[in-house]
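As structure tokens, the structure follows; a few thoughts come after it.
Lettering follows sequence order; numbering is per chain, from 1. All values below come from the heavy atoms of this structure, side chains included, with hydrogens, waters and symmetry mates left out. In this text, all values refer to a predicted model and were calculated from it rather than measured experimentally.
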2 protein chains.
Amino acid sequence: MSIDPPGFELPLRLFLGFRVLIDDLHAELARQGHPHARPMHGFAMQAIGVNGTTAVELGRTLGVSKQAAGKTIETLERLGYVERARDPHDTRRKIVRLTPSGVDMLVCSARIFDELRARWAVVIGEERLRELEADLRKVTPPDVFRLDVPGWFGTS
Amino acid sequence: MSIDPPGFELPLRLFLGFRVLIDDLHAELARQGHPHARPMHGFAMQAIGVNGTTAVELGRTLGVSKQAAGKTIETLERLGYVERARDPHDTRRKIVRLTPSGVDMLVCSARIFDELRARWAVVIGEERLRELEADLRKVTPPDVFRLDVPGWFGTS
DNA sequence: CACGATAGACAACCAGGTTCACTATTACGG
DNA sequence: CCGTAATAGTGAACCTGGTTGTCTATCGTG
């Protein structure tokens, strides 16, 4: 026996839905030449965007410290997904930009996410899926980044 | 500008929905005398259940190594949510059981989750919420534990 | 009764986060 | 025009939660 109220299932299903999508994405990404991509990388690179950014800015966007953002950038750099260059107008800053490989990873992700969404549409119907998205939009903050992934898991 | 296909929003919304619920839960749990509870703890304690379990078993249920389960149990023990006792029938085993405080935390969580779900029902309608849950059930694995929280984030 | 399987614990390591402290550079006000 | 405050990046020390590998104690069985 377990304590099992109706309300307990909702967060679990939301998380499982998220996890299923992310797992499938990365299985497919691995097949398409990006075996080292991690969920975090996708979020960070989406936040970096095609115009580039800096460590401080990325940290603010993702809701983590600039040091943590710096570590993430280092990792992405090691994987060849981004590169850094000094800003000529402000030599303190280092602009982080996606490499072609990074752009490719993002393009692949976009395509795969579309395919996964289409697969869901087949299972539950396009109409219901649109309703599901609309409903989630109503109960979640509009700000799509600031996942604060560490926050809900991390240090007190 | 960013790479922003329709499919990209879905996982984000699912995760944000999850996060909103979990954040609200823990804000409320803190107010109700459980300020040290973490998301992980709730999952683990739900998996431990009122009948108790062992480290190996808990690890299997949660989809992590027995060592990781052991560490989690240690933490929960330090917080006073569980206690361990040797199994008289098999002195290798140590049965982990919820303390009254642990049960209280789970009971509080159950009540709060119900309240949060009711709040969602007000926003999007009870009917739509039921549909949302039903649709998610169709696209997620039936096995509600095995979140593999580390898995989608962790080491390759 | 010996030997394989199991439960738990310990160590070393990794990833990703935090804070504190420091340097280099830029921006600004007296 | 210069001294000072603010900002960008980095490094170090630490925390949490995970991993694998190894070791011991106990159980169960041929």
Side-chain angles (χ1 to χ4, degrees), chain A residues 19 26 36-45 47-48 52-79 81-97 146-156, chain B residues 19 22 26 36-45 47-48 52-79 82-97 146-156:
Chain A
R19 233 184 66 80
H26 283 87
H36 298 301
R38 305 245 154 287
M40 203 210 58
H41 300 159
F43 291 123
M45 295 193 11
I48 289 169
T53 185
T54 66
V56 167
E57 209 177 300
L58 179 61
R60 259 196 282 270
T61 306
L62 294 178
V64 300
S65 67
K66 61 179 181 174
Q67 294 91 335
K71 285 192 194 179
T72 300
I73 291 168
E74 259 178 54
T75 306
L76 291 175
E77 202 173 23
R78 239 186 310 108
L79 292 174
Y81 285 137
V82 304
E83 55 194 2
R84 268 183 293 191
R86 286 230 105 96
D87 182 347
H89 302 306
D90 182 345
T91 61
R92 290 172 306 178
R93 305 175 78 222
K94 283 187 179 174
I95 312 286
V96 183
R97 280 206 185 73
R146 306 280 335 235
L147 303 182
D148 289 334
V149 174
W152 61 268
F153 213 57
T155 313
S156 175
Chain B
R19 233 183 67 79
I22 294 297
H26 283 87
H36 299 300
R38 304 246 154 286
M40 204 209 56
H41 301 159
F43 292 123
M45 295 191 14
I48 290 169
T53 186
T54 66
V56 167
E57 209 178 299
L58 179 61
R60 259 196 281 271
T61 306
L62 294 177
V64 301
S65 66
K66 60 179 181 175
Q67 294 91 335
K71 285 191 194 179
T72 299
I73 291 169
E74 259 177 55
T75 306
L76 291 175
E77 201 173 25
R78 240 186 309 108
L79 291 173
V82 304
E83 54 195 2
R84 267 183 295 190
R86 285 229 106 97
D87 182 345
H89 303 305
D90 182 346
T91 61
R92 291 171 305 177
R93 305 175 79 222
K94 283 188 178 173
I95 313 285
V96 183
R97 279 208 185 72
R146 308 278 335 233
L147 303 184
D148 288 335
V149 174
W152 60 271
F153 213 54
T155 313
S156 175

Phosphate OP1/OP2 of dG18(D): any S65(B) side-chain N/O under 4.0 Å: no
Calculate the interatomic distance between R60(B) atom CZ and dA5(C) atom C1'; express it in whole Å. 12 Å
Starting at CZ of R38(A) and ending at C1' of dA15(C), how long is that distance when rounded to a whole Å? 10 Å
Out of dG18(D), dG11(D), dG17(C), minimum distance to the side chain of T72(A) belongs to dG17(C)
Rounded to whole Å, CG of L79(B) lies from C1' of dG17(D) at a distance of 14 Å
Whole-Å distance between dA9(C) C1' and E74(B) CD? 9 Å
Non-hydrogen atoms of A69(B) and V64(B) that approach each other most closely: N-CG2, 4.0 Å
For K94(B) and R86(B), which heavy atoms make the closest approach, and how far apart are they? CE-NH1, 3.6 Å
Please state how far atom CD in E57(B) lies from atom C1' in dT6(C), giving the value in whole angstrom units. 13 Å
Could E74(B) and R84(B) be called an ion pair, given the rule that one side-chain N must be under 4.0 Å from one carboxylate O? no
Heavy-atom pair with the smallest gap, counting every atom of I73(A) and A55(A): CD1-CA, 3.7 Å
To the nearest Å, how far apart are M40(B) CE and dC15(D) P? 17 Å
Nearest-nucleotide pick for V64(A), side chain only, options being dG18(D), dA7(C), dG17(C): dG17(C)
Looking across every strand, which nucleic acid part, if any, lies under 4.0 Å from A68(A) by heavy atom: base, sugar-phosphate, or nothing? base
Donor-acceptor pair under 3.5 Å: do we get one between Q67(A)'s side chain and the base of dG9(D)? no
Where do L58(A) and A44(A) come nearest, in terms of heavy atoms and distance? CD1-O, 3.9 Å
What is the distance, to the nearest angstrom, from the NZ atom on K66(B) to the C1' atom on dA25(D)? 12 Å
Residues of residues 86-96 of chain B with any non-hydrogen atom less than 4.0 angstrom from an atom of DNA chain D: list those, numerically ordered, please. D90(B), T91(B), R92(B)
Just compare dT10(D), dA13(D), dG18(D) and give me whichever is closest to any side-chain atom of R84(A). dT10(D)
One thing to verify: whether E57(A) and R93(A) come together as a salt bridge, which I'm taking to mean a side-chain N less than 4.0 angstrom from a carboxylate O. yes
Kindly give the heavy-atom pair with the smallest separation between T54(B) and V96(B), and that separation in Å. CA-CG2, 4.5 Å
Starting at NE2 of H36(A) and ending at C1' of dA15(C), how long is that distance when rounded to a whole Å? 16 Å
Whichever of G70(B) and R78(A) has its nearest DNA chain C nucleotide further upstream toward 5': G70(B)
Can you find a side chain N or O atom of T54(A) that sits less than 4.0 Å from OP1 or OP2 on dG9(D)? yes
